[in-house]
Every structure is written in structure tokens, then in C-alpha cells.
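The structure under discussion appears below in the form of C-alpha cells.
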Amino acid sequence: MHRILSGVRLLIPLCLLSVIAVGHAEEQVHLYNWSDYFAEDTLSGFQERTGIRPVLDVYDANDVLEAKLFAGSSGYDLIFPTARPFAARHIKAGLYLPLDKSKLPGLDKLDSDIMTSLAAIDPDNAHLVPYMWGTSGLGLNLEKVKAALGEDAELDTWGLIFDPEKAAKLAGCGISLLDDPTEVFSAALVYLGKDPNSLDKADLDAAAALIKAVHPHIRYFHSSQYISDLANGDLCVAHGYSGDVLQARERAEEAGKGVEVGYRIPREGAALWTDVMAIPKDAPNPTAAHAFIAYLLDPKVIAAASDYVFYANPNLAATPLIDGDLRGNPGIYPPAEVKQRLFVPAERGDAEIRNLNRLWTRLKTNR
Amino acid sequence: MTAPPTHSHRLSRLVNIGIPYLWLGLFFLLPFAIVLRITIAEPALAQPPYTALWEWVGDGMLQIQVNLQNFILIWEDDIYLAALLNSLWVAFICTVFCLLLGYPMAYAIATAPERRRMILLMLIILPFWTSFLIRVYAWIGILKTNGLLNNFLLWTGLIDTPLHILHTQSAVYIGVVYSYLPFMILPLYANLTRLDPTLLEAAADLGCRPFRAFLRVTLPLSMAGIVAGSMLVFIPVVGEFVIPDLLGSPGSLMVGKLLWTEFFSNKDWPLAASLAILLLALLVVPFVLMQRLQTRIEEGPA
């Protein structure tokens, strides 16, 4: 709310500025990224270094980005989709420009495990550069969860959401789920001890029955609202992205109202995802997009971004530059035994996604 | 008698009639044709994400592809019908609430002293100076568990546990009625100020009590305003997306939200287009009925 209002106040001078900018025909690069996904000085630093003015638009769901991309002429030079299933699909549809690797000298510092994994959807890593990675787990209001379930309740389990008894006790202080069928179904499947990427009808029906059973206890399905609600103490369990939950923890600390937010990777397993950078094939300024990727490959720049957004980055040269607290945080850099339990979302066909989405609409509306 | 139409007369008539038709053709019929064309395509992994209508297959053969699967799917899957009916129901409830709230307000403004009328009207229009989206966001701040309303009620001691209003159907009703109330008040006000006050004086002279005079004189005469206001509220609310998305519960199934899912999450433009066409077809019915009612009121015996 506050942000939007101040945004409006900013708008008027910004409009004037853009008129002036057009007058000067200043070089620009148009970025389309997730909300709250750069450090405060990432953009200004790029302008200082290159003289190119970055223009940022934000989204909070891959779907929104995808709709613009498929419609064509999006006007963006650089986008930040999730690798699977989104960027994988875009590569198949031929929506990306192949990278000119001679302009990206920092590529060799990237984690080879992640690059190998990405090569499965992007042969020779021709189109994608990883930006950040993270997990989808549980954001908790520690005090309220313990008050509802007891002081020594287990917190690292999807049971907080999918066990109807526990969910009923937590419903009063609020449970939220991501508004994303792939995320919720894989969480339900892994809780049931099944393959999280299963498309088997019996498995999906079992997962749907599980979600249906706890549906009355779910306050809402949303992919970004839980950040402020966790921070304000309006929710006690949120199915959310690791860095977003940790941002909520930071905001709660700043507010100083005694809300303590924690992030847990459920022991049953959780999704490990990678967000990547890609240049749309109709990008107006691909040269500037390359310059921006090269800038983000600078270990100092990406370490500062990780410090701010609480997500791990794939740049090995940046790891020692990251804040010690962050590097030691198992929610951001999970230890090896936790990492073993993480799974990578599978690629899906269009028809499979549509079926899943329609099943999802039915579930959300309780039909 | 007027002079026989000259050349310039005919030209000006052509322009006068032509411009509205050109407008209609350019901004309604053309987009409508594009949407209609997408309904008979198939979704595809391409840019744009649907199949072409025709294809040259060599030897001068033109292959035209028409896919009616979308309408069949909408017909067979009851969720779409349920969403349409639910949207109509929500729109109906909201129109009734807007009318019940808006009529007394419009009446009060119309009967207020001339000097104060302008100020009161300004107060109705003033919220439009802020973006619609921000006003809906503000309701989140008011209605949420930790929000203004709950904190106020807790402070007064009227309740001892916060009410869950946000993310329920009630929140949608509150948001919609709040947002669309001016669209009810303004046409009603315009209508009520035109009423001849001497009619009410005559009724009083003949011994009619004020309330009865209102029912027998004012209400029937303001029917045109009621119909216009109701249309202005009902029709946009059926397709409303923002308010149910921000304030509603996951269970609030509305056709606007379903359209969004088909368009964004499923990238199924053909199905989304088919839904949009059906929604339009469905809205034409009440629109024509109300239009007819309005003409009858205006032409009917005074």
C-alpha cells in the first residue's frame, strides 16, 4: 500500500524525466523481472558503469511474463523466467535469442552442476544464464505455530498444511498456499510419499483429495501476498519461496512488533528451482541486454543482490563475498543432506499443464 | 418546409452518421472479429499461441481450419456455466445493493439546495481522482485481520476476536458496491433533477401523503434513471476481475477470473476467446431487455 502510494508520487517526475530522456535519445535497456529481485543499487550501478539507462517492470508470476512473451513484441530486452517448465517451453517455441558468449566473460565462474542441469532443457547452454536459485518450502510465524500445536511441534513437515488435524488448529491464524498448481501438487505428492512430478491419474487424484480435505482451512492462494502478511503476523503458515519468506522475516524484524518468521525446508522434500536470464528474440536492444547479463556476472554485483533478496546465486566466485549470516543460513544454502531431498520440477507438455490448471481451478473453487 | 437537401447537406449527414458507425466498426466490430477468429483456432506452442486460420498447402489448395472444440468443452465442463451463473448472481446482488444505497443518496442530492448540490456531486466524483486499483488496495488495509476495521471494532469492544472479512465473498460485495456506487448515483441524479416538483405539490394538494406520493409519482418517473444506473453497474460487474482477485476468496468463482486463468496460466487463447464471446452473448440479453424497457418508459403515457 505504502509502496504504491509513494510510487504514484514518483510517477509525475518520472513521466517528465522520460519525456526528457526521449528527447535526448538516451540508450535504454528494458528489464522485466520478478518484484523485489534486485538489490537497491543494482540498477543505478549498471547505469554508472555503462551509461545505459535500465527501465524495470516487475511481475509476480511466470504466467504474466509468458502471456506477454507469447503475444509478441513485448518490448523487453531481458527477462527472468523460472527455468522449468517455463524457459524450457520458451526455448521449444523459439522465443529466445541465442547468447553471444564472447560478450559474457564471467560465464566460466558459474556452478557447473547448475549449468549441466540447465543444459538438459537448453542444449549447450545456448540461451539461458542462471540468475538465482531457491526452494519452495514453509514460511512460519514461529510463535503462533507453537502456540497452536505445542512448544515441541515438528515444524519441518508439509503436515502443517496437509494434515487436516494440524491444519484445523492453524486455520485460525491463517494458512496460505502458492497460487501455482505445479508447486502445490508436487508438495502434496511428496507429502504422500509419491513422485513429486507424477502425472499418473491415481497419484493426482490422491493429491487432489488431500488438498480438498484441507481446503476449508486455507485462507487464500496467492504467490506474493504472503510476504507482507507473514511480516505483519496476519498468517502463520505460508507455502512460499525461500527468499520471499526470508524477506518477510527481515521486514518483521524492522517493524519490531515481535513477529518472528522462520523458513523451513520440509523433510519430505521440496522443489529446487532456478530463475534464469534470457533475451527475447524480438528484443529491441540485445547488445544492452548482453551488457546487463555481463554486469550481473560480476561477483560483487550478484553477491550484493543475494545479500538483499536472500536467494542463493550460482556464481561460485561470489559465494565468499556474500554476508556470512546468509551463507550459513540453511534455508538459503541448504546443507548437503537437505539438498539430497530437493527435487527439480519436470518439464510438462501443454495439454498436461492445461489439465493440471483446470483441476486446480476446480480445487480452488471447491467444486 | 426546409429546402431540398443540397450536396453539402447530404455530405454533413453522411459525416454525422458515418463517424459513429466508423467508431463502432473500428473499436467494436474489428476487435470482435479478431476475438471471434481466435475462438475457432487451436492453441499452439508458437507466437502468437494459436494456429493459423488458413494455410496454402500447395497446388493452389487453401486449407481452412475451424476448431469448435472450445465451445464443446465449455458446454461439457460445468465449471464454466457455474462461473457464468455465479458472475450474473454477484452482479445482480451488487446492483440491488447499489440501487438501495444509491437511490436515497441521489434523491438527497437532487432535492438539496442548489448551492450545496455541486459540493455533494463533487464528493461523489472525488474518489475517481485516485486510481481504481489503489482504492481497491485500500480496502485490503481496511478489511484485513489486522486492519483498520477490525482494530477499531476490537478497540470499541464490540468484538473480541477479529472478523475474517478479507478473502471472503462479503469482501467482494463490499468492494464492488463501493466501486460502482457512483455509476448508479449519477444517472439517477440526472433523472431526479429533471422531475417537475409541481407534480408532488399537486399530489400533496389532493391529499396524498409524501411516502405515497413518492411511490406513485417520483419512483415511476425515475424508472429510466434506475434502468440506466442498473445497466451501468450490472454489465461491468459481470466481467469484473480485479476486485474478486484482490478481495475475494479462492472459492469466488467468477468468469473474469476464469478468463484470466485460461489466458495467462493455460495460454489457451482460443478457449479464453470463446468464453469472452459467450459472456458477450449472455450480456446482450439483459441489455436488450433493459433497453426495450427504457424505450417503453420514455414513450409510455406520462
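The figures here come from the full heavy-atom set of this structure, side chains too, leaving out hydrogens, waters and symmetry mates. The structure displayed is predicted, hence computed values, not measured ones. Residue numbers begin at 1 in each chain, while the letters A, B, ... track the order of the sequences.
- T261(B) touches chain A through its side chain: at least one heavy atom from C-beta onward sits under 4.5 Å away, while N, CA, C and O do not.
- Residues L271(B) and R358(A) meet the side-chain proximity criterion, which asks for heavy atoms closer than 4.5 Å.
- Only the side chain of D282(A) comes within contact range of chain B, with at least one heavy atom under 4.5 Å from a heavy atom of that chain.
- Within a 6.0 Å radius of CD in E143(A), other residues, nucleotides and ligands contribute 12 heavy atoms or fewer.
- The residue among D234(A), I353(A), N366(A), T361(A) with the most heavy atom pairs within less than 4.5 Å of chain B is D234(A).
- The number of heavy atoms from other shown groups lying within 6.0 Å of CZ (F71(B)) is above 12.
- Interface check for chain B: of the options A61(A), P181(A), A71(A), the most heavy-atom pairs under 4.5 Å are formed by A71(A).
- Across all their heavy atoms, R89(A) and L45(B) have their closest contact at CG-CD1, 3.4 Å.
- Annotation for Y178(B): atom OH counts as buried by contact number, over 12 foreign heavy atoms lying within 6.0 Å.
- For a residue to count as touching a neighbouring chain, one of its non-hydrogen atoms must lie under 4.5 Å from one of that chain's; by this rule Y50(B) does not touch chain A.
- For E55(B), the CD atom is loosely surrounded, since the number of other residues' heavy atoms within 6.0 Å does not exceed 12.
- For the atom pair OG of S176(A) and NE2 of H167(B), the computed distance is 9.0 Å after rounding to the nearest 0.5 Å.
- Residue L356(A): no heavy atom, backbone or side chain, is found under 4.5 Å from chain B.
- Between F70(A) and K267(B) the shortest side-chain heavy-atom distance falls below 4.5 Å.
- In this structure a side-chain-to-backbone donor-acceptor pair under 3.5 Å is missing from Q47(B) to A93(A).
- Two residues are said to be in side-chain contact when any heavy atoms from C-beta on lie closer than 4.5 Å; L246(B) and Q225(A) fail this criterion.
- Under the 4.5 Å side-chain criterion, counting only non-hydrogen atoms from C-beta, R362(A) is in contact with D77(B).
- Using modelled atom types, no side-chain atom of D350(A) and backbone atom of A44(B) make a donor-acceptor pair closer than 3.5 Å.
- Counted by atom type alone, N357(A) and N266(B) present one or more donor-acceptor pairs between their side chains at under 3.5 Å.
- Contact of D179(A) with chain B is made through the side chain alone, with heavy-atom distances under 4.5 Å.
- Counting non-hydrogen atoms of neighbouring residues, nucleotides and ligands closer than 6.0 angstrom, the CD atom of E352(A) exceeds 12 such neighbours.
- Counting heavy atoms from C-beta on, the side chains of W260(B) and V64(A) come closer than 4.5 Å.
- F241(B) CZ: more than 12 foreign heavy atoms inside a 6.0 Å radius.
- At a 4.5 Å heavy-atom cutoff, the contact between L95(A) and chain B is made by side-chain atoms alone.
- At a cut-off of 3.5 Å, with distance as the only test, a side-chain donor of S265(B) or D63(A) sits close to an acceptor on the other residue.
- The pair R354(A)-E262(B) fails the salt-bridge criterion, with no side-chain N (NZ, NE, NH1 or NH2) lying under 4.0 Å from an Asp/Glu carboxylate O.
- To the nearest 0.5 Å, atom CG of residue N146(B) and atom OG of residue S228(A) are 11.0 Å apart.
- The side-chain heavy atoms of K364(A) and L253(B), taken from C-beta on, include no pair separated by under 4.5 Å.
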